[in-house]
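A short worksheet on the structure shown next.
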Amino acid sequence: AALRIDCFAALAPGQQLERWAYEVDAAPADGEVDVEITHCGVCHSDVHQIDNAWGVAQFPLVPGHEIVGRVIAVGPGVARFQVGDRAAIGVQRNNCGDCRCCRAGLENVCPKILKTYAGPGND
């Protein structure tokens with residue numbers, strides 16, 4: 001089953017945001033949590049991404065990477081979070097968990113970092 005996400009996105013570089021929707025798996029995967037967003041900051045780096053000023057943006061692009069919300073579901077293997085917990089997500093949304101950086105607790109410099117924008121996949 002899929003969960004529909006309604007949002008605003010730039011469909012191509014430099015375009016104004018317009019209503020857009022996409023689907024994600026209805027249940028979080030192993031080691032993942034689903035967060036219902038209540039607040040989201042948009043800063044100038046989001047504007048750079050919308051304009052593809054750095055040449056790395058992927059479209060459609062949903063701006064906003066300073067996210068706060070509540071955990072609404074937890075996947076298998078998640079022990080640190082529970083449904084109802086407050087959660088915050090910065091620009092990084094995932095890492096490999098296995099490289100030298102990740103094993104040293106330096107996930108923020110993982111060479112396989114996935115970001116909330118400028119990266120593959122839907123969240």
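Predicted model only: the values in this text are computed from it and were never measured.
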Which atom pair, heavy atoms only, marks the closest approach of Cys96 to Cys110? N-SG, 3.5 Å
Residue pairs involving residues 2-16 (criterion salt bridge (Lys or Arg N to Asp or Glu O under 4.0 Å); sequence neighbours excluded): Arg4-Asp6
Rounded to the nearest 0.5 angstrom, the CD-CZ distance for Gln49 and Phe59 is 7.5 Å
Using the test salt bridge (charged side-chain N to carboxylate O under 4.0 Å, His left out), find all partners of Asp30 that sit at least two apart in sequence or belong to another chain. none
Pairwise distance CD(Glu18) to CG(Leu11) - rounded to 0.5 angstrom: 4.0 Å
Considering only heavy atoms from C-beta outward, does the side chain of Ile50 approach that of Leu17 to under 4.5 Å? yes
Hey, what do you get for CD (Gln15) to CG (Leu61), rounding to the nearest 0.5 Å? 11.5 Å
What's the separation between atom CG in Asn94 and atom CG in Leu114, rounded to the nearest 0.5 Å? 5.5 Å
Could you report the tightest heavy-atom contact between Ala87 and Val35, atom names first, then the distance? CB-CG2, 4.0 Å
If you measure from CG on Asp85 to CZ on Arg80, what distance do you get to the nearest 0.5 Å? 10.5 Å
Measure across Ile72 and Glu36 and return the closest heavy-atom pair with its distance rounded to 0.1 Å. CG2-CB, 3.6 Å
I need the minimum non-hydrogen distance between Ala9 and Val62, along with the two atoms involved. CB-CG2, 4.0 Å
Tightest non-hydrogen contact, residues Gly14 and Asp51, listed as CA-OD1, 3.6 Å
Would you indicate whether the side-chain heavy atoms of Cys43 and Glu66 approach each other to under 4.5 Å? yes
Backbone N or O of Ala57 within a donor-acceptor pair of the Asn52 side chain at under 3.5 Å? yes
Heavy atoms from other residues, nucleotides or ligands near CZ of Arg86 exceed 12 (cutoff 6.0 Å): no
Hey, are the side chains of Val71 and Gln82 touching, using non-hydrogen atoms and a 4.5 Å cut-off? no
Is there a continuous path of hydrophobic side-chain contacts, each under 4.5 Å between heavy atoms, that joins Trp20 to Val24? yes
With heavy-atom distances below 4.5 Å as the criterion, would you say the side chains of Arg19 and Phe8 are in contact? yes
Of the non-hydrogen atoms in Pro28 and Gly75, which two are nearest, and what is the gap between them? CG-N, 3.5 Å
From Cys7 SG over to Tyr22 OH, what is the distance, rounded to the nearest 0.5 angstrom? 5.5 Å
Membership question, hydrophobic clusters at under 4.5 Å side-chain separation (ILVMFWY): are Ile113 and Val91 in the same one? no
Asp25 side chain to Ala27 main-chain N or O, any donor-acceptor pair under 3.5 Å? no
Which residue pairs pass the salt bridge (Lys or Arg N to Asp or Glu O under 4.0 Å) test with at least one member in residues 99-111, sequence neighbours excluded? none
